[in-house]
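Have a look at the structure below, then the notes.
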Amino acid sequence: MLDRKFIVEHADAVKQNCRNRGVEADVDRLLELETQRREKLHEVQELNRRANEVSKSIGKAKDAREREERKAEGRRLREAKEAAQAAHDELERQIVAIQACIPNMSHPDAPIGEEADSRELRRGATPVPQFDFPVLDHVELGEALDLIDFEGGARVAGHGFYFLRNEAVLLELALQQFALRQLLDAGFTPVITPDLAYQEILHGVGYIPRGPETQIYSIENSNLSLVATAEIPLGGWQAGQVLDAEDLPIKLCGISHCFRTEAGAAGRASRGLYRVHQFTKVEMFAFTLPDQSEAMHEHFCQLECQLFDALKIPYRVIDTATGDLGGPAYRKYDLEAWMPGRGDGGEFGEVTSASNCTDYQARRLNIRYKRAGERGTRFVHTLNGTAVAISRALIAIFENYQQADGSIVVPEVLQPWVGKQRIETRAATAAN
RNA sequence: GGAGAGGUGGCUGAGUGGUCGAAAGCGCCGGUUUGCUAAAUCGGUGUACGGGUAACUCCGUACCGCAGGUUCGAAUCCUGUCCUCUCCGCCA
């Protein structure tokens with residue numbers, strides 16, 4: 001949510017930003033309603049002030065008759081105040097409805113336009129591999145090597161669910177360990193979060209938990225939902241709190257399961273593990289001072305690059321165009337890994353994203369900081385970034401590390417946790 | 001899941017219908033005093049929104065988990081709800 005005063009004072013910039021992002025929001029209507037609301041607020045406060053005066057004077061009334069007269073006066077004023085309050089609240093409700101639709105402002109360097117206008121910033125250290133044999137995709141590899149069971153997953157929970165088996169399980173845990181180690185070295189506090197969260201937390205972080213197009217699974221007869229990312233519980237962790245400026249920045253890496261309905265998504269681009277209803281993710285999150293967030297954003301992106309360079313997976317870094325940013329993001333960098341089995345002859349596919357949400361989430365979650373010796377409080381900035389989304393990382397590993405004989409080499413940095421250098425068919429393993 | 005207790009300012013904790021934004025203590029900030037430290041002493045110290053000012057300042061309104069209700073008036077009474085704690089049960 002943007003600050004209302006900011007919207008009023010920078011209406012033209014806000015409107016232009018909505019156009020850049022392809023978002024419909026009636027900013028002019030908001031300005032009109034806000035003017036009316038302020039007038040009503042004055043009225044409410046004035047009536048209340050007079051009613052308070054009358055109430056205080058009742059104890060000092062000379063006699064019963066005067067006391068009754070003042071009571072009647074007080075009653076009249078309170079009723080008038082209630083009416084004004086109701087009108088004010090209705091205006092407020094309408095304003096918030098519009099305000100909630102207005103996305104965050106955008107970084108001046110973020111490319112303006114739609115998805116196709118996003119800019120490639122750089123490539124990773126590992127070149128795109130050339131294969132001299134027919135390339136398999138991760139679904140074929142996963143089935144041949146008994147690593148993923150989609151059919152079994154569908155029997156148990158429907159399309160979009162899967163069983164990981166054998167070395168895929170070891171790889172999942174290895175990726176978590178590997179990412180965690182790197183982030184610990186970078187000063188992050190590791191956290192395992194709740195996989196469920198209250199709706200108000202989801203809202204604060206910027207998710208819409210119920211409704212026809214929701215990405216979110218909700219628990220019946222409760223206001224809990226399954227989290228779509230650890231960003232939700234990590235952001236919600238400090239909801240309503242006032243942090244000490246000296247404690248910032250706070251860097252967290254959270255491990256959670258992620259649950260997504262993926263309503264309306266289907267087709268070859270979402271084959272196999274690419275778009276699933278449940279996966280595990282190691283997520284970076286930070287609360288920072290306003291002047292720290294841009295540097296933290298670069299830091300997150302560097303760490304993501306470091307992880308994928310260490311895994312020796314080819315990738316490119318994308319500066320996401322304004323039209324493709326989520327509502328809370330001020331700027332977003334995506335890492336897209338090369339996936340040789342994707343499309344015809346391979347395609348890049350998103351594996352991580354790092355967003356600077358500035359104070360947009362903090363305002364909704366009401367997370368502020370206070371500096372010793374300074375009056376008042378200000379909103380913190382929040383950032384989130386994927387360290388490793390396991391399911392998509394597995395796609396990139398399987399497909400880039402596949403060999404002519406159908407086996408998959410285990411990335412060197414993961415070998416200590418997987419306990420082997422190569423994943424072979426069960427038959428080949430038994431023969432060795 | 002059952003029974004009970006409770007949610008008050010940065011913290012501890014008083015306050016059962018009016019002068020309570022709220023005692024006291026701690027913490028924090030500033031002054032004084034004392035070789036330093038420690039101690040003593042005095043004063044100050046919440047947030048949000050709105051308003052007047054050139055500005056430190058000042059004024060108004062709201063906030064005692066949250067949402068309703070009663071009342072001229074609610075931290076205080078009533079209802080609902082969420083959360084926490086203790087005990088019991090169940091359980092990885």
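Here is how names work: the chains are called A, B, and so on, in the same order as the sequence lines, proteins then strands, and each is numbered from 1. Please read these numbers as outputs of a predicted model, since none were measured by experiment.
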Side chains of [X] and [Y] only: does a donor on one sit below 3.5 Å from an acceptor on the other?
X	Y	result
A/Asn20	A/Gln16	yes
A/His88	A/Glu43	no
A/Thr280	A/Gln176	no
A/Thr229	A/Lys281	yes

Using the [atom1] atoms only, state how far [M] lies from [N], rounded to an integer number of Å.
N	M	atom1	result
B/A62	B/C20	C1'	15 Å
B/A22	B/G31	P	26 Å
B/G25	B/U8	C1'	15 Å
B/U84	B/A92	P	23 Å

[X] atom [atom1], neighbour heavy-atom count above 12 within 6.0 Å:
X	atom1	value
A/Leu184	CG	yes
A/Gln415	CD	yes
A/Glu114	CD	no
A/Lys312	NZ	no

- prompt: Any side-chain heavy-atom pair from A/Ile148 and A/Phe398 closer than 4.5 angstrom?
  reply: yes

Let me know the distance between [atom1] of [X] and [atom2] of [N], rounded to the nearest Å.
X	N	atom1	atom2	value
A/Asp89	B/A62	CG	P	14 Å
A/Leu47	B/G60	CG	C1'	13 Å
A/Asp244	B/C11	CG	P	13 Å
A/Glu46	B/G52	CD	C1'	14 Å

query: Can you tell me which stems RNA chain B forms when a stem means 3 or more consecutive Watson-Crick or G-U pairs under 3.5 Å?
result: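 Looking at RNA chain B, the stems formed by three or more consecutive pairs are B:1-7 with B:82-88, B:10-12 with B:24-26, B:27-32 with B:40-45, B:46-51 with B:58-63, B:65-69 with B:77-81.
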
task: Could you list the residues that satisfy side chain to side chain donor-acceptor pair (under 3.5 Å) with A/Arg165, not counting sequence neighbours?
output: A/Asp146

Strictly under 3.5 Å: I want the nitrogen or oxygen pairs between protein and nucleotides 81-83 of chain B, one per line.
| from | atom 1 | to | atom 2 | distance (Å) |
| --- | --- | --- | --- | --- |
| B/C82 | O3' | A/Tyr198 | OH | 3.4 |
| B/C83 | OP1 | A/Tyr198 | OH | 2.6 |

task: Measure the spacing between CZ of A/Arg368 and OG1 of A/Thr377 and express it to the nearest 0.5 Å.
output: 4.0 Å

- request: Using a 4.0 Å heavy-atom cut-off, write out nucleotides 65-75 of chain B from 5' to 3' as B (base contacted by protein), S (sugar-phosphate only) or - (no contact).
  value: -------BS--

Identify all pairs in which a protein N or O lies below 3.5 Å from an N or O of nucleotides 45-50 of chain B, and state each distance.
| from | atom 1 | to | atom 2 | distance (Å) |
| --- | --- | --- | --- | --- |
| B/U47 | OP1 | A/Lys370 | NZ | 3.4 |
| B/U47 | OP1 | A/Gly376 | N | 3.4 |
| B/U47 | O3' | A/Arg368 | NH1 | 3.3 |
| B/U47 | O3' | A/Thr377 | OG1 | 3.4 |
| B/U47 | O2' | A/Arg368 | NH1 | 3.2 |
| B/A48 | OP1 | A/Thr377 | OG1 | 2.8 |
| B/G50 | OP1 | A/Arg38 | NH2 | 3.3 |
| B/G50 | O2' | A/His42 | NE2 | 2.9 |

- prompt: For the residue pair A/Tyr333 and A/His297, does the interplanar ring angle fall in the parallel (under 30°), tilted (30 to 60°) or perpendicular (over 60°) class?
  reply: parallel

field: For A/His203, all residues meeting ring pair (Phe, Tyr, Trp, His ring centres under 6.0 Å), sequence neighbours excluded
entry: none

